[in-house]
Amino acid sequence: MTTQLFLKRFFLLTALVALTLPQGCGDDDPVDDPASNTNTEPQPTPEPEPEPEQHAIEFAPSFSGATDHSQIGVFAFDTSTKWDEWAQPDLMHDIRVEKDGSGVWNYDPIVYWPSDGSFDFSFMAYAPYATASNGLSVSDASHVGAPVLRYEMPSATDCHTDICLATPVLDIRNRQEAVGLEFRSVMSKIGFRIKGQGNKVSNIAVRGIQWQGEIALNADDQGSMTWTQVSDFSTTEYQAKLNYDEGHDYVTATETMTDVTAKDGYLYLIPQNITYNARIVVTVDGDKLGFPFVDMPKYFRARSISSTSKFRETSCSTIRTTPCRYSCSLPRMRPKRPTSTGTMRKRHVKPPDIGCPLITKG
């Protein structure tokens, strides 16, 4: 009885083991169980989240009553806590922005607005862009507050230019439209008109003027477009370019008051009070004549100089876009006569009159 019971248990155990053996063996491939999840189809890779759209910072300069320049210098500040005098141009420092042939303003490398639109930026600009030839330079990136533009007047007339500052654009956020920069002149533009009796004028220049200074780029916001740190009076003669008679190196003075300044020949001066140091130097028929400005009163912004017995009023407008001109009546010459030494000399009936110099400030 015991033996039979043992055999039954043995056979039962053998049967259970047999049921657990695999259905295949050797090199046969395993048979997949349809109910098994061990060999599922690969899942598609989820699409990445789209990047937030970025907009490049673009500029739209305009020149109100000033020379239309094709290159400007731009400074940009991260002013998330609002602009103050401790800001530094950490976003852009004197980036050259240039207008191409189609009128689009470009710069490189491009700077973008923050994608989340959570930062305020501030912008300041000047024109033309500073180079060694035009006498302009700017403060470095470590300068705190509004950048400073420095000017040293070049001796070559071809390098004289109308310096302009843009009204600061402060504390603006992400925008798709271009940042508007409105420029205004901070210089005095000087030209000349003459009349005479057939005199040949080969040169007109000024000397004894302040030729160096500096100005903050936010001067317009401070209520005064004033140059500071101006230099002493220079002895250099700064020549205007004249519209010479065709084929000659002089212009003939007629009895009609005529503007003789060439289109690109105007002088651009730092606005200043004319003193006894200043002179207009005119080369007439080979003689260099210098005229002092001793009777000239101080000028003020957008105000003309009243005429005096020596200076007569001209039609020059005080608007900064209109060139300011000196009107000069050249002296009438008497015939040459022998001197005691037998040489010939010229005699002036009277000294020339210089018209009222209408200089406007910036």
Side-chain angles (χ1 to χ4, degrees), residues 57-77 89 91-108 110-111 121-141 143 145-154 156-170 172 178-190 211-222 224-229 263-271 301 319-324 360-362:
I57 298 177
E58 299 177 338
F59 299 100
S62 62
F63 294 86
S64 176
T67 301
D68 190 3
H69 293 287
S70 60
Q71 292 184 352
I72 64 174
V74 176
F75 294 78
F77 307 76
L91 189 65
M92 294 182 179
H93 175 265
D94 197 28
I95 297 298
R96 181 170 64 184
V97 183
E98 187 170 5
K99 183 169 62 175
D100 62 20
S102 60
V104 178
W105 292 84
N106 302 296
Y107 65 97
D108 185 58
I110 295 175
V111 179
F121 290 165
S122 296
F123 301 88
M124 298 182 188
Y126 71 95
Y129 189 76
T131 64
S133 61
N134 63 23
L136 291 172
S137 61
V138 297
S139 53
D140 60 33
H143 180 83
V148 173
L149 181 67
R150 300 183 181 92
Y151 180 56
E152 182 174 318
M153 189 173 178
T157 307
D158 290 340
C159 299
H160 293 181
T161 187
D162 190 10
I163 301 172
C164 306
L165 299 187
T167 301
V169 180
L170 304 180
I172 61 174
V179 178
L181 297 172
E182 183 177 350
F183 287 85
R184 293 196 301 159
S185 173
V186 292
M187 302 295 284
S188 291
K189 183 179 181 181
I190 308 299
W211 56 283
Q212 190 177 48
E214 61 183 42
I215 190 169
L217 295 195
N218 68 340
D220 191 37
D221 272 5
Q222 303 305 310
S224 175
M225 304 286 272
T226 303
W227 289 80
T228 60
Q229 305 296 323
K263 183 179 180 180
D264 59 346
Y266 290 91
L267 298 176
Y268 290 93
L269 309 182
I270 293 175
R301 181 170 183 160
I319 301 174
R320 71 172 59 86
T321 56
T322 303
C324 299
T360 57
K361 184 178 180 181

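All values derive from a computational prediction rather than experimental measurement.
- For the pair I57/Y107, a side-chain contact is recorded, criterion being any heavy-atom separation below 4.5 Å from C-beta on.
- You'll find the side chain of S70 stays beyond 4.5 Å of the side chain of Y129, heavy atoms only.
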**Asked** Hey, mind stepping through M92 and V111 against side-chain contact (heavy atoms from CB on, under 4.5 Å) and telling me if it holds?
**Response** CA-CA 8 Å; M92 294 182 179; V111 179; 3.7 Å; yes
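- Inter-residue side-chain proximity for L136 and I163 is flagged as met; some heavy-atom pair is nearer than 4.5 Å.
- Note: R150 CZ to S137 OG = 5.5 Å, rounded to the nearest 0.5 Å.
- Within the 4.5 Å cutoff, the side chain of H160 has heavy atoms near those of the M153 side chain.
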**Item:** Verdict with supporting geometry, I172 and F123, side-chain contact (heavy atoms from CB on, under 4.5 Å)
**Value:** CA-CA 9 Å; I172 61 174; F123 301 88; 3.8 Å; yes
**From CA spacing to verdict: side-chain contact (heavy atoms from CB on, under 4.5 Å), F59, V74** = CA-CA 9 Å; F59 299 100; V74 176; 3.8 Å; yes
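- Shortest non-hydrogen contact noted between C164 and S185 is SG-CA, 4.1 Å.
- Here the OG atom belonging to S64 is positioned 7.5 Å from the CZ atom belonging to R184, to the nearest 0.5 angstrom.
- Smallest separation of non-hydrogen atoms from M124 and P168: CG-CB, 4.1 Å.
- Under the 3.5 Å distance criterion, with hydrogens and angles disregarded, no donor-acceptor pair is assigned to the side chains of E214 and Q229.
- R96 is listed as a side-chain neighbour of Q71, based on a closest heavy-atom distance under 4.5 Å.
- Between H143 and A146, the shortest heavy-atom contact is NE2-O, 3.1 Å.
- Without hydrogens or angle criteria, S139 side chain to V148 main chain gives a donor-acceptor distance under 3.5 Å.
- Checking side-chain atoms of H69 against main-chain N and O of I72 turns up no donor-acceptor pair under 3.5 Å.
- When only modelled atom types and interatomic distance are considered, T161 and N134 share no side-chain donor-acceptor pair under 3.5 Å.
- Pairing each heavy atom of A219 with each of L165, the nearest pair is CB-CD1, 4.4 Å.
- Two residues are said to be in side-chain contact when any heavy atoms from C-beta on lie closer than 4.5 Å; V186 and I215 meet this criterion.
- Closest non-hydrogen pair, P89 versus A141, comes out as CD-O, 3.9 Å.
- Closest heavy-atom contact between F63 and P61: CE1-CB, 4.3 Å.
- Rounding to the nearest 0.5 Å gives a distance of 9.0 Å between CG of L149 and CG of D94.
- Here L269 contributes atom CG and W227 contributes atom CH2; the two are 11.5 Å apart, rounded to the nearest 0.5 Å.
- A distance of 3.5 Å separates CG of D162 from OG1 of T67, quoted to the nearest 0.5 Å.
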**Request:** Please report the C-alpha distance between L181 and V169 in whole Å, then the side-chain angles of each, then the deciding distance to 0.1 Å, and finally whether the side-chain contact (heavy atoms from CB on, under 4.5 Å) criterion is met.
**Result:** CA-CA 7 Å; L181 297 172; V169 180; 4.0 Å; yes
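- Side-chain contact between V104 and N106 is present, with at least one heavy-atom pair separated by less than 4.5 Å.
- Side-chain rings of F75 and H93 approach one another, their centers coming within less than 6.0 Å.
- Remark: K189 fails to qualify as a cation-pi partner of Y268 under the 6.0 Å distance and 45° angle criteria applied to the six-membered ring.
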